[in-house]
Amino acid sequence: MRPRPLPPDFMDAGGIFGNSTHNGFAQARQEMVETQIRRRHITDSRVLECLERVPRHEFVPAEFRDRAYEDAPLPIGEGQTISQPYIVAAMTAALHLQGDERVLEIGTGFGYQAAVLACLAREVFTVEFRAGLATEAAERLARLGYKNAHVHCGDGTLGLPEFAPYAAILVAAAAPSVPAPLLAQLAQGGRVVVPVGDVENQDLQLVERSHDTFRTTMLEPCRFVPLLGAHGWKGTAQR
Ligand code: SAH
């Protein structure tokens, strides 16, 4: 199947480019893609193009805007973080999105990863446990024109059965093991990327489904905030 062409640039539609601050951000974004992503051997041109387009500075707290394109995770409050650009790129690239997929993300946070997925796939459903973050991410994604990203509030370890199956599932928090409901909601030939390990250190795992066989590949070591909920770290499940 040929990859679907990328949609028009969201920020162009809003007429935001043209002022010097935003040109500065655009340049920072290009440098981010070149030095942090391409140089680390992520070559999927659609992924690179989306990372060049999605305005990451809109998806970080105001006080961190100037650091939005740094090679680091950033705090988003409530002890949570927005992932380093490279890890967003590596997880996204591992999903091999072609443009027609329905994708599920667990752990919306500020919505940056959801925006990147929305740029690459037909539809994105993203589940956030914390109500405040979910409401703000939904508003942010709508304001920036990501009409195909849908935010739900709840325990993402249960998946989102009403819209299953998903061709791809991305878990943006550290799981003790791959939540069984997510595997059940994965389409034939589908892929899950998920950090699995203890609360301190994890390995990024890729799980591929072929009929009822699931093949797991270890991608690289990583560090995420804990996945809470029924199939996550249960003792920490209070909101
Ligand atoms: N993808 C985000 C960053 C995610 S940080 C971004 O791009 O900004 C991890 C997020 O997972 C946090 O917001 C946390 O509240 C959420 N989370 C933790 N456990 C969860 C669960 N069981 N279901 C849904 N969200 C969960």
Side-chain angles (χ1 to χ4, degrees), residues 29 32 47 50-51 54-62 64-65 67-70 72-92 94-95 103-121 124-141 144 146 149-161 163 166 168-182 185 192-197 199 202 204 222-239:
R29 199 153 56 239
M32 171 193 89
V47 172
C50 282
L51 290 167
V54 177
R56 184 169 158 94
H57 60 278
E58 297 277 1
F59 293 94
V60 303
F64 291 110
R65 280 196 150 207
R67 297 180 49 195
Y69 298 101
E70 283 182 9
L74 290 172
I76 55 173
E78 300 191 46
Q80 306 303 309
T81 55
I82 171 175
S83 303
Q84 176 190 15
Y86 167 73
I87 203 82
V88 171
M91 292 177 89
T92 306
L95 294 176
V103 180
L104 177 67
E105 181 199 19
I106 311 305
T108 317
F110 260 44
Y112 176 67
Q113 174 76 73
V116 171
L117 293 171
C119 181
L120 284 162
V124 178
F125 294 89
T126 177
V127 185
E128 170 56 51
F129 207 68
R130 292 175 162 85
L133 286 176
T135 306
E136 284 180 25
E139 284 168 7
R140 188 174 296 115
L141 288 161
L144 295 170
Y146 295 93
H150 314 286
V151 182
H152 292 249
C153 184
D155 178 3
T157 68
L158 303 173
L160 205 54
F163 303 106
Y166 303 97
I169 301 179
L170 186 154
V171 183
S177 59
V178 185
L182 301 185
Q185 292 169 35
V192 185
V193 276
V194 49
V196 178
V199 283
Q202 306 93 36
L204 200 56
C222 57
R223 288 195 72 168
F224 278 80
V225 297
L227 181 71
L228 311 180
H231 299 266
W233 296 97
K234 292 195 182 97
T236 45
Q238 288 85 24
R239 263 188 246 178

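Starting from 1, each residue takes its place in the sequence as its number. Just so you know, ligand 1 is whichever comes first in the structure, and atom 1 is the first atom listed for that ligand. Just so it is clear, the structure is predicted and the values come from calculations on it, not from any experiment. Hydrogens, waters and symmetry mates are skipped; everything else that's a heavy atom, side chains included, is used.
The single protein non-hydrogen atom nearest to atom 5 (S) of ligand 1 is T81 O, 3.0 Å, given as residue, atom name and distance. The closest protein non-hydrogen atom to atom 9 (C) of ligand 1 is A172 O, 3.4 Å. In terms of protein heavy atoms, atom 22 (N) of ligand 1 is closest to L228 O, 2.8 Å. When only non-hydrogen protein atoms are considered, atom 12 (C) of ligand 1 lies nearest to Q80 OE1, 3.3 Å. Protein heavy atom nearest atom 2 (C) of ligand 1, with residue, atom name and distance: T108 O, 3.2 Å. The nearest heavy-atom contact from the protein to atom 24 (C) of ligand 1 is F129 N, 3.2 Å. When only non-hydrogen protein atoms are considered, atom 7 (O) of ligand 1 lies nearest to Q113 N, 3.0 Å. At the shortest separation from atom 23 (N) of ligand 1 among protein heavy atoms lies G156 N, 2.8 Å.
The ligand atoms of ligand 1 that sit less than 4.0 angstrom from a heavy atom of G111 are 8 (O). When each atom of ligand 1 is checked for a heavy atom of P226 under 4.0 Å away, the hits are 18 (C). Taking every heavy atom of E105 and a limit of under 4.0 angstrom, the matching atoms of ligand 1 come to 1 (N). Distances below 4.0 Å separate heavy atoms of V127 from the following atoms of ligand 1: 24 (C), 25 (N). Counting atoms of ligand 1 from 1 in the listed order, those under 4.0 Å from a heavy atom of R130 are 14 (C), 15 (O). Residue-ligand proximity, G154 to ligand 1, at heavy-atom distances under 4.0 Å covers atoms 23 (N), 24 (C).
The main-chain N or O of F224 is found under 3.5 Å from a side-chain atom of Q202 such that the two form a donor-acceptor pair. Checking side-chain atoms of E58 against main-chain N and O of R56 turns up no donor-acceptor pair under 3.5 Å. Using modelled atom types, no side-chain atom of Q84 and backbone atom of Y86 make a donor-acceptor pair closer than 3.5 Å. In this structure, E128 contributes its side chain and L133 its backbone to no donor-acceptor pair below 3.5 Å. A donor-acceptor pair under 3.5 Å is formed between the side chain of Y69 and the backbone N or O of H57. In this structure, the side chain of D155 engages the main chain of A230 through a donor-acceptor pair within 3.5 Å. Side-chain atoms of Y146 do not come within 3.5 Å of backbone N or O of V116 as any donor-acceptor pair. In terms of modelled atom types and a separation under 3.5 Å, the side chain of E105 and the main chain of V151 share no donor-acceptor contact.
Between the choices G107, G77, A175, G79, the shortest heavy-atom distance to atom 11 (O) of ligand 1 belongs to G107.
Polar contact check, L227 against ligand 1: no nitrogen or oxygen pair lies under 3.5 Å apart. Looking at ligand 1, you won't find any N or O of A173 less than 3.5 Å from one of its N or O atoms. Of the polar atoms of V225, none of the N or O atoms is found under 3.5 Å from an N or O of ligand 1, judged by distance alone. Some N or O of E128 is nearer than 3.5 Å to an N or O of ligand 1, by distance alone. Backbone and side-chain nitrogen or oxygen atoms of I76 are examined, and none is located within less than 3.5 angstrom of a nitrogen or oxygen of ligand 1. No N or O atom of L133 sits closer than 3.5 Å to an N or O atom of ligand 1.
F59 and F110 have their aromatic ring centers separated by at least 6.0 angstrom.
Residues T81 and L74 fail the side-chain proximity criterion, which asks for heavy atoms closer than 4.5 Å. Considering only heavy atoms from C-beta on, S83 stays 4.5 Å or farther from P73 through its side chain. The closest side-chain heavy-atom distance from M91 to L204 is below 4.5 Å.
Defined by atom type and a distance below 3.5 Å, a donor-acceptor pair is present between the side-chain atoms of Q113 and T92.
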